[in-house]
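In what follows, a single structure is set out as structure tokens and then discussed.
Whatever order the structure lists ligands and atoms in, that order sets their numbers, starting from 1.
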Amino acid sequence: MAKAIATVCLSGNLPDKLEAAASAGFDGVEIFESDLLSYSGSPAQVRRMCEDLGLAVTIYQPFRDFEAMPDALRARNLDRAERKFDVMQALGTDLVLVCSNVQAAAIDDPARAAADLREMAERAARRGLRIGYEALAWGRHVNRWRQAWDIVQRADHTALGLIVDSFHTLSVRDDPAGIAEVPGGRIFFVQLADAPRLDMDVLNWSRHYRNFPGQGDLPVAEFTRAVLASGYGGPLSLEIFNDEFRAAPARRTARDGLRSLVLVESEAGAATLPPPPRLDGFEFLEFAVDHTTRGLLADFLGTLGFRLAGRHRSKEVELYRQGRINLVLNSEPDGAAAEHFEMHGPSVFAMGLRVDDAAATLQRARALLCATWQERLGPGERPIPAVRAPNGTLVYLVQSEPGRRSIWEDDFELLPPFSALGTGEPANSDAEPELFAIDHVAQALAPGQMDGFVLFYRAVFGLEPEPLQELPDPQGLVRSRAMVSREGSVRLPLNVSESRQTATGRFISAIAGAGVHHIAFRGADAAHAAREAAARGAPMLAIPENYYDDVAARFGLDDATLAALQAAGLLYDRDASGGEFRHAYTGAFEERFFFEIVERDGGYRQFGAANAGVRMAAQARRQARHGQGLGAEEL
Ligand SMILES: O=C(O)c1ccc(O)c(O)c1
Ligand SMILES: [Mg+2]
């Protein structure tokens with residue numbers, strides 16, 4: 001189906017918006033009146049610009065407060081309409097959106113509204129133009145799509161049709177199913193918007209918090225399915241009022257917008273995409289380092305029980321391993337890692353996910369407008385395709401093939417005892433590794449990036465967002481939302497903070513952008529793993545006495561349990577069904593990312609959000625001491 005976007009979704013002046021829409025690949029735009037009024041070029045120039053960019057002007061909007069006004073205002077409103085018809089003709093569009101009247105003076109009379117709209121449609125028809133009528137959720141008397149449809153039917157004019165907007169229907173929990181019964185030709189235009197569920201008045205919710213389909217909590221795919229069942233064959237158009245979108249780079253927003261439409265179209269059954277992959281956890285994380293930081297990071301990982309397991313056959317790349325955890329340290333002087341290191345310093349630049357079908361996932365990613373990547377190969381090396389995440393880091397698609405050698409055997413010279421293991425199965429010198437899997441990988445994002453990352457992981461990998469958490473850092477609030485795969489093997493918390501002084505904000509400054517902020521490793525016995533790590537010199541975060549008083553009171557822990565937690569420096573959480581979480585954090589590597597040791601018992605699925613405040617305060621204390629040139633010992 002044709003895809004359009006309203007200029008109000010995008011930042012910049014009108015030419016910026018149009019160029020962004022065209023560069024993303026939209027077929028058309030909704031010209032918002034305020035964008036035209038504040039632009040210095042004529043409507044005819046806007047029309048030429050759109051023609052040059054290959055964009056159709058699908059609609060001009062909005063025309064407000066027209067129908068069912070007292071007699072004195074009726075003639076003036078019809079005059080006003082004629083003036084806008086002139087603008088439409090100069091713009092080269094035949095359709096205008098009339099949104100339902102919000103004025104206190106509006107008369108509660110559908111017959112009157114129908115008569116007025118009929119007169120407007122009659123005048124439009126004389127010029128070959130059409131009117132679409134949309135119910136705003138906060139319209140004075142008309143605020144449901146069914147009321148608008150009733151009025152359109154009463155007016156009974158071929159130049160008057162219905163416009164539906166998913167936000168106005170879904171925000172007020174109105175049922176979209178009936179839209180399927182409207183003859184498709186009578187629906188003149190369809191606008192799509194999602195939004196997070198917020199407990200606030202619908203007008204402010206609509207004007208500030210809408211987002212693209214797939215970024216919020218509304219059933220936009222179900223709405224779209226009903227619309228398509230009507231036989232509607234016009235464009236699907238995005239209409240997002242969002243404070244962050246107004247400030248974000250227009251091209252990025254436009255690309256996300258088109259990605260959301262491709263996704264919702266497939267979810268509604270109107271187009272087919274290869275399915276999202278079945279995921280089986282993280283196969284590896286790869287760090288971009290230079291020689292110096294490679295040594296420092298290797299030492300840090302050593303304190304957590306990782307050991308050098310192999311060296312790449314043709315590149316300056318080392319593999320560190322424990323259990324099923326593979327950590328790759330890449331100091332190859334050219335290639336994607338070096339490029340990343342130049343820009344960001346030592347940081348995670350790629351993650352490998354185990355997928356059931358790498359080729360299908362790659363195809364899905366491309367259909368969803370994602371850039372893909374293939375690293376240069378040495379002789380005999382295995383090609384592993386990758387998708388670029390919104391911050392430019394790579395997500396490698398690792399397809400395990402039973403009976404085939406692992407990627408590690410193909411590309412690495414493995415060292416004993418790891419070389420003895422054929423298939424990349426749990427491999428350590430100990431039978432029982434302290435840490436056996438990557439539990440979750442948390443990323444810090446700059447303000448305004450959350451929605452784009454949520455959409456990327458949801459669309460390409462089928463991850464689902466968990467509810468938003470608000471975490472108190474001593475220097476500001478951190479908002480956190482975890483993207484989790486259905487079977488729970490891939491967990492990606494995403495953190496955003498407006499403040500530059502929070503742990504999240506400091507990270508963004510340190511690496512000049514969004515990236516992996518912390519990596520959690522799972523073990524069967526977190527207390528043992530944390531104690532061993534500390535004994536090997538890992539810089540574990542100190543937890544205040546007050547925390548243990550509180551946790552004992554909150555969960556009614558017995559003395560022995562409490563003492564065991566405290567001795568290992570563990571934090572503790574328990575969910576409603578008795579699932580337990582024990583975890584401990586290291587200080588940051590080079591003031592950047594840090595590690596976490598976690599133990600999950602009894603089906604615990606979250607991340608210990610209740611303890612985030614204590615963790616961030618401990619990090620802030622450590623940071624302050626470092627700022628004063630004091631070492632960890634003085635903490
Ligand atoms: O917020 C508004 O006024 C407004 C205007 C036009 C629309 O199509 C809409 O959905 C909302
Ligand atoms: Mg609308």
(message) Whether the side chain of Arg458 engages the backbone of Gly462 through a donor-acceptor N/O pair (distance < 3.5 Å, no angle test) should be reported.
(response) no

(message) Among Arg173, Arg481, Arg197, exactly one meets salt bridge (Lys or Arg N to Asp or Glu O under 4.0 Å) together with Asp217. Which residue is that?
(response) Arg481

(message) Below 30° counts as parallel, above 60° as perpendicular, anything between as tilted: where do the rings of Phe456 and Phe461 land?
(response) perpendicular

(request) Answer yes or no: is there a side-chain heavy-atom contact under 4.5 Å between Glu498 and Leu477? (result) no

(request) State, with a plain yes or no, whether a side-chain heavy atom of Gln61 is found less than 4.5 Å away from one of Glu239. (result) yes

(request) Taking only heavy atoms of the protein into account, state which residues are under 4.0 angstrom from an atom of ligand 1, in chain and number order. (result) Gln61, Pro62, Arg64, Leu97, Glu134, Leu136, Trp138, Asp165, His168, Gln191, Arg207, Arg210, Glu239, Phe241

(message) Parallel, tilted or perpendicular, judged at 30° and 60°: which one describes the rings of Trp205 and Phe167?
(response) perpendicular

(message) On the six-membered ring of Phe85, is Arg123 placed so that its NZ or CZ lies under 6.0 angstrom from the centre and within 45° of the ring axis?
(response) no

(message) For Phe63, does the six-membered ring have the charged nitrogen or CZ of Arg80 within the cation-pi criterion, i.e. under 6.0 angstrom from the centroid and within 45° of the normal?
(response) yes

(message) Ring centroids only, cut at 6.0 angstrom: are His440 and Phe607 within range, meaning strictly under it?
(response) yes

(message) With 2.8 Å as the threshold, which protein atoms of type N, O or S lie near the Mg ion (ligand 2)? Leave waters out.
(response) Glu134 OE2, Asp165 OD2, Gln191 OE1, Glu239 OE1

